[in-house]
Novice: 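Sharing a structure, written as structure tokens. Questions coming.
Chain naming here is simple, since letters A, B, ... match the order of the sequence lines and numbering starts at 1 in each.
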Protein chains: 2
Amino acid sequence: MFDLDLRSRKPIYEQLVEKLKELIIHEVFKPDEQLPSVRLLAKELTINPNTIQKAYRELEREGYIYSIPGKGNFVAAKKETVNTEKIEKIKEEMMKLFQEALYIGIKKEEILIMLTQAEQMVKGGESNDPS
Amino acid sequence: MFDLDLRSRKPIYEQLVEKLKELIIHEVFKPDEQLPSVRLLAKELTINPNTIQKAYRELEREGYIYSIPGKGNFVAAKKETVNTEKIEKIKEEMMKLFQEALYIGIKKEEILIMLTQAEQMVKGGESNDPS
DNA sequence: TTAACTGTATTATAATTTATAATACAGTTT
DNA sequence: AAACTGTATTATAAATTATAATACAGTTAA
């Protein structure tokens, strides 16, 4: 289900957060769907349950999942994910990345193409602003 | 010259790399300009010289600066900064960020505006492809 | 040429972060 | 009741980050 790089300088739990976020964004895990239990996923990935828990906590903090003690962890509805602070953070990160990209010579046109590609990859669950 | 958050979970040397990169990108430090010496900057920021050195090494590894032992550290010319591996890495990061941004509801139009803003902030040193 | 700069390297130590391990407790489901 | 869930705690190990104290060699300028 995942492939983690245990030798990476990037902490395992951070890699987990990234991977799970991707699966949620691409709707491999759909809203209200139950995620693998802490113990099961730990067993599958042969890493410590506490590490899984740490990743789930972070995803919950960011609004991507919610948990019901005794039942499990579930994918949050898109609306729940939205958060002003988070939006600002992502925008800031994006500005930095744009500047770095342009500085090293990546063309605006190329970035536009990538944006369109990203759009196609994410859209399909378009539940925002159906007006 | 910089303001670092010593309490942040983000390592000091990483913060330094980010800040210095920004200054280079915005040409506060221009190509071939000498950066503050390891010892001087350490004194100014009241952090350990080894930490500065670590940041400078990382910037050199990424191609943003070069060093001449005995003389100092200097801003690399833009051309030297370019690197296929680096470009791919940035593109990958950008795709992820786009997907996350679109998922949480940031509109494509808004992203376009940001890109234009970034363009204006970086351009002015346009030495690429003057054809 | 000496003094005062530069970068770089090394070694030791401390502090923090990350990961594992072993349990325990409470809620849920069958 | 048994077997799941999430959560919490405590201890320990391992890795990363930061500091400290030096040392050595190249550069620059008095």
Novice: What pairs with B/A42 under side-chain contact (heavy atoms from CB on, under 4.5 Å), at least two apart in sequence or on another chain?
Specialist: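 In terms of side-chain contact (heavy atoms from CB on, under 4.5 Å), with neighbours along the sequence ignored, B/A42 is linked to B/P49, B/I52.
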Novice: For C/dG7, does either OP1 or OP2 sit under 4.0 Å from a side-chain N or O belonging to B/N73?
Specialist: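 So the side-chain polar atoms of B/N73 do come within 4.0 Å of the phosphate oxygens OP1 or OP2 of C/dG7, strictly under.
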Novice: Mark yes or no for whether A/K43, through its side chain, and A/L40, through its backbone, hold a donor-acceptor pair below 3.5 Å.
Specialist: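 Between the backbone of A/L40 and the side chain of A/K43 there is no qualifying donor-acceptor contact (under 3.5 Å).
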Novice: Between B/P49 and A/Y56, which residue's closest nucleotide on DNA chain D lies nearer the 5′ terminus?
Specialist: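 It is A/Y56 whose nearest nucleotide is closer to the 5' end.
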Novice: In degrees, rounded to 10°, what is the bend between the two ends of the helix from C/dT1-D/dA30 to C/dT30-D/dA1, using five pairs at each?
Specialist: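 Taking the rotation axis at each end, their angle is 20°.
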Novice: Residues in side chain to side chain donor-acceptor pair (under 3.5 Å) with A/E58, at least two apart?
Specialist: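 Once residues adjacent in sequence are excluded, the partners of A/E58 under the side chain to side chain donor-acceptor pair (under 3.5 Å) criterion are A/R61.
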Novice: For A/S8, which residues count as a side-chain contact (heavy atoms from CB on, under 4.5 Å) partner, sequence neighbours excluded?
Specialist: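 Expected list: A/D5, A/K10, A/Q15.
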Novice: Donor-acceptor pairs under 3.5 angstrom involving side-chain atoms of residues 83-92 of chain B: please list them, not counting sequence neighbours.
Specialist:
from	atom 1	to	atom 2	distance (Å)
B/N83	OD1	B/E85	N	2.8
B/N83	OD1	B/K86	N	2.9
B/K86	NZ	A/E100	OE2	3.2
B/K86	NZ	B/E62	OE1	3.1
B/K91	NZ	A/E110	OE2	2.4

Novice: What integer distance in Å separates B/I52:CD1 from C/dT8:C1'?
Specialist: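 After rounding, the gap between these two atoms is 15 Å.
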Novice: Starting at CG of B/L4 and ending at P of D/dT19, how long is that distance when rounded to a whole Å?
Specialist: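 Value for this atom pair: 10 Å.
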Novice: Got a sec, which residues hit side chain to side chain donor-acceptor pair (under 3.5 Å) with B/Y56, two or more places apart in sequence or on another chain?
Specialist: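 If we apply the side chain to side chain donor-acceptor pair (under 3.5 Å) test to B/Y56, skipping adjacent residues, there are no hits.
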Novice: How close or far is atom P of D/dT5 from atom CG of A/L35, stated in whole angstroms?
Specialist: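 So the CG-P distance, A/L35 to D/dT5, works out to 12 Å.
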Novice: Please give me every residue in residues 57-67 of chain A whose heavy atoms get under 4.0 Å of an atom in DNA chain D, ordered by residue number.
Specialist: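 Heavy-atom cutoff 4.0 Å gives A/R57, A/S67.
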Novice: Can you list the other members of the hydrophobic cluster that holds B/Y66, where links are side-chain heavy atoms under 4.5 angstrom apart?
Specialist: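 Grouped by the 4.5 Å side-chain rule, B/I68, B/F74 form the rest of the cluster around B/Y66.
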Novice: Rounded to whole Å, how long is the line connecting atom CG of A/L16 with atom C1' of C/dA19?
Specialist: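 Going from CG in A/L16 over to C1' in C/dA19 covers 12 Å.
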Novice: Evaluate the side-chain proximity of A/I104 to B/Y64: yes if any heavy-atom separation is below 4.5 Å, no if none is.
Specialist: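 Heavy-atom side-chain distance check passes, below 4.5 Å.
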Novice: Would you say that B/L45 contacts B/L16 through its side chain, given a criterion of any heavy-atom pair below 4.5 Å between the two side chains?
Specialist: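 The answer is yes, as the side chains (C-beta and beyond) meet within the 4.5 Å cut-off.
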Novice: Write out a two-atom table: protein N or O, nucleotide N or O from nucleotides 15-18 of chain D, distance below 3.5 Å.
Specialist:
from	atom 1	to	atom 2	distance (Å)
D/dA18	OP1	B/I12	N	2.3

Novice: Test of understanding: with side chain to side chain donor-acceptor pair (under 3.5 Å), list the residues that count as partners of B/Q99, not counting sequence neighbours.
Specialist: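 Listed in chain order: A/H26.
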Novice: Examine distances only and state if a side-chain atom of B/Q34 and a backbone atom of B/K71 form a donor-acceptor pair shorter than 3.5 Å.
Specialist: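 Checked: pair present.
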Novice: Starting from P on C/dT18, measure out to CG on A/D5 and report it in whole angstrom.
Specialist: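 For the pair A/D5 CG and C/dT18 P, the rounded distance is 16 Å.
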Novice: What is the separation between atom CG on B/L40 and atom P on C/dA4, rounded to the nearest whole Å?
Specialist: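 Answer to the nearest Å: 17 Å.
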Novice: Which residues pass the side chain to side chain donor-acceptor pair (under 3.5 Å) test with A/K96, not counting sequence neighbours?
Specialist: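 A/K96 satisfies side chain to side chain donor-acceptor pair (under 3.5 Å) with B/E18 once adjacent residues are dropped.
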Novice: If you count every heavy atom of other residues, nucleotides or ligands that lies below 6.0 Å from B/M114 atom CE, does the total exceed 12?
Specialist: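 Yes, the 6.0 Å shell around CE holds more than 12 heavy atoms from other groups.
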Novice: Could you run down nucleotides 23-30 of chain C 5' to 3' and tag each one B, S or - for protein heavy-atom contact under 4.0 Å?
Specialist: -B--BSS-
